Amino acid sequence: MTTPDLAHAHALAAAPDAAASVFAYVLEGATACAPSGLTTASVYDLTNMRIRRVYSDNADAYPV
């Protein structure tokens, strides 16, 4: 297993299109251990009862 490069992750988080870049980096590491056919990430706002998808590795079928 490869150790995550936190400096690289922080640089991705500070760059344009941060959410997609960071999630793609995390997905790369995660799928090295547990391959997945689809990965999405959502933000849940429980106070306002809203959900927003912020990442999808299949944006055609599951858009952000």
Side-chain angles (χ1 to χ4, degrees):
M1 181 181 338
T2 304
T3 302
D5 181 348
L6 295 181
H8 180 65
H10 287 147
L12 291 173
D17 202 20
S21 298
V22 170
F23 280 111
Y25 180 66
V26 170
L27 179 61
E28 181 182 323
T31 56
C33 297
S36 159
L38 172 68
T39 301
T40 66
S42 298
V43 174
Y44 298 90
D45 177 354
L46 296 178
T47 303
N48 295 306
M49 300 298 291
R50 299 175 94 181
I51 300 171
R52 182 171 61 104
R53 184 176 292 121
V54 294
Y55 176 80
S56 174
D57 67 352
N58 185 349
D60 291 336
Y62 298 92
V64 294

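No experiment lies behind these values; they were computed from the predicted model shown. Note that these values count all heavy atoms, side chains included, but never hydrogens, waters or copies made by symmetry.
Annotation: side-chain hydrogen bond (donor to acceptor under 3.5 Å, both in side chains) contacts of D45 (sequence neighbours excluded): N48.
Summarising the geometry of S56 relative to A59, their closest heavy-atom pair is OG-N, 3.6 Å, with the distance given to 0.1 Å. Minimum heavy-atom separation, A13 to A18: O-CB, 3.3 Å. Contact between S21 and P16 at its shortest, heavy atoms only, is OG-O, 4.1 Å.
Here CG of L46 is found 8.5 Å from CD1 of I51. Values are rounded to the nearest 0.5 Å.
Counting only residues at least two apart or in different chains, side chain to side chain donor-acceptor pair (under 3.5 Å) contacts with residues 27-42 comprise S36-T39. For residues 6-45, every residue pair satisfying the ring pair (Phe, Tyr, Trp, His ring centres under 6.0 Å) rule, not counting sequence neighbours, is listed here: H8-Y25, F23-Y55.
L27 and V54 fall within the same hydrophobic cluster, where Ile, Leu, Val, Met, Phe, Trp and Tyr residues are linked whenever their side-chain heavy atoms come under 4.5 Å apart, directly or through other members.
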Criterion side chain to side chain contact (heavy atoms under 4.5 Å, CB included) on D57 and L38, from CA distance to verdict: CA-CA 7 Å; D57 67 352; L38 172 68; 3.5 Å; yes
